[in-house]
Amino acid sequence: AAADAARAEDALMRDALRAESAALGAAMSDLGATTSGRMLELFDDIRALRHDFESFKRASETQISLLRKAVDKAGDGAQALFEEVGKQRDDAVGAHHALVTRALEEEKDQWRADIDVQARALREDLEAYKLGVNAKMRDAWDAIRAAGRKF
């Protein structure tokens, strides 16, 4: 009886262990399927991320290329603008220089004309003075001659 009871208890224990083992096996199988599925999902996500990254990379390279072209074009335009501004500035400086030079020449000509007028006036005054001195000298010589005749 004790052996039968031990056998019955052993059989119950074995059935319980078999049920637990089956449940554990099912759980492990489910976990394996879940893990495999999850890994497949991760690989799909990684593949999608790689695809998105490659698309982003191509779009970025295209945009960078367009920006480089725009910068080069703008640089060429800026260079042309700098050349034009430099030319206009040189033209303006040249025109200003010509204007100042012309004004200086006109002022020199005016000074020369003024000096000539003043020199003529001085010559006329000098000639008038010489004529006056000569007339007084003649008068003086005439007076000396007249006084000499009286004596």
Side-chain angles (χ1 to χ4, degrees), residues 1-140:
D4 286 336
R7 266 190 216 124
E9 186 180 328
D10 188 44
L12 283 174
M13 184 73 86
R14 284 178 190 241
D15 286 341
L17 284 175
R18 258 189 228 109
E20 285 179 17
S21 177
L24 186 58
M28 285 182 72
S29 174
D30 186 40
L31 179 63
T34 303
T35 303
S36 297
R38 184 66 187 131
M39 286 181 76
L40 287 174
E41 287 176 8
L42 282 174
F43 285 138
D44 287 344
D45 290 347
I46 289 170
R47 194 174 304 115
L49 282 174
R50 276 189 185 150
H51 177 70
D52 290 346
F53 174 73
E54 289 298 325
S55 297
F56 174 74
K57 184 176 152 187
R58 278 193 300 276
S60 296
E61 287 172 350
T62 302
Q63 288 177 350
I64 287 171
S65 173
L66 290 173
L67 283 174
R68 281 190 181 135
K69 287 177 185 173
V71 166
D72 289 344
K73 185 177 178 184
D76 293 344
Q79 182 66 28
L81 180 64
F82 286 144
E83 288 173 5
E84 183 180 339
V85 167
K87 185 177 153 195
Q88 288 177 356
R89 186 198 58 193
D90 290 345
D91 290 349
V93 168
H96 180 69
H97 179 70
L99 180 71
V100 169
T101 304
R102 191 175 328 112
L104 283 174
E105 289 298 323
E106 289 173 1
E107 199 167 333
K108 271 192 213 172
D109 291 344
Q110 185 62 43
W111 287 345
R112 285 183 186 131
D114 290 346
I115 289 171
D116 286 347
V117 166
Q118 290 175 2
R120 271 191 226 111
L122 281 174
R123 275 192 214 110
E124 289 172 3
D125 289 347
L126 186 59
E127 288 298 320
Y129 177 74
K130 279 188 355 186
L131 289 175
V133 167
N134 286 340
K136 286 188 180 184
M137 288 294 286
R138 272 193 309 273
D139 291 343

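Residue numbers run from 1 in the order of the sequence given.
Atom CD of Glu54 has more than 12 heavy atoms from other residues, nucleotides or ligands within 6.0 Å.
Annotation: the span from Asn134 atom CG to Lys136 atom NZ amounts to 12.0 Å, rounded to 0.5 Å. Between atom CG of residue Asp76 and atom CG of residue Leu81 there is a gap of 12.5 Å, rounded to the nearest 0.5 Å. Glu9 contributes atom CD, which lies 6.0 Å from atom CE of Met13 (distance to the nearest 0.5 angstrom). For the atom pair CE of Met39 and CG of Asp45, the computed distance is 13.0 Å after rounding to the nearest 0.5 Å. Here Arg138 contributes atom CZ and Leu131 contributes atom CG; the two are 8.0 Å apart, rounded to the nearest 0.5 Å. Once rounded to the nearest 0.5 Å, the distance linking CG of Leu17 with CG of Leu24 reads 11.5 Å.
Between Arg102 and Leu99 the shortest side-chain heavy-atom distance falls below 4.5 Å. With contacts defined as side-chain heavy-atom distances shorter than 4.5 Å, the pair Arg112/Lys108 qualifies. You'll find the side chain of Val117 reaches within 4.5 Å of the side chain of Arg120, heavy atoms only. Using a 4.5 Å heavy-atom cutoff, the side chains of Glu127 and Glu124 are not in contact. Side-chain contact between Arg14 and Arg18: present, with at least one pair of heavy atoms (C-beta onward) separated by less than 4.5 Å. Contact of the Glu61 side chain with the Ser65 side chain is not registered, since no non-hydrogen atoms from C-beta on lie closer than 4.5 Å.
When atom types are taken as modelled, the side chain of Thr62 and the backbone of Arg58 share a donor-acceptor pair closer than 3.5 angstrom.
A side chain to side chain contact (heavy atoms under 4.5 Å, CB included) with Phe53 is found for one member of His51, Arg50, Lys57 and no other, namely Lys57.
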Quick one: do Arg7 and Asp10 satisfy salt bridge (Lys or Arg N to Asp or Glu O under 4.0 Å)? Show the steps, please.
CA-CA 5 Å; Arg7 266 190 216 124; Asp10 188 44; over 6 Å; no

Working note: Arg47 + Asp44, criterion salt bridge (Lys or Arg N to Asp or Glu O under 4.0 Å); need CA distance, chi angles, decisive distance, verdict.
CA-CA 5 Å; Arg47 194 174 304 115; Asp44 287 344; 2.8 Å; yes

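Using modelled atom types and a 3.5 Å distance limit, the side chains of Asp114 and Gln110 yield a donor-acceptor pair.
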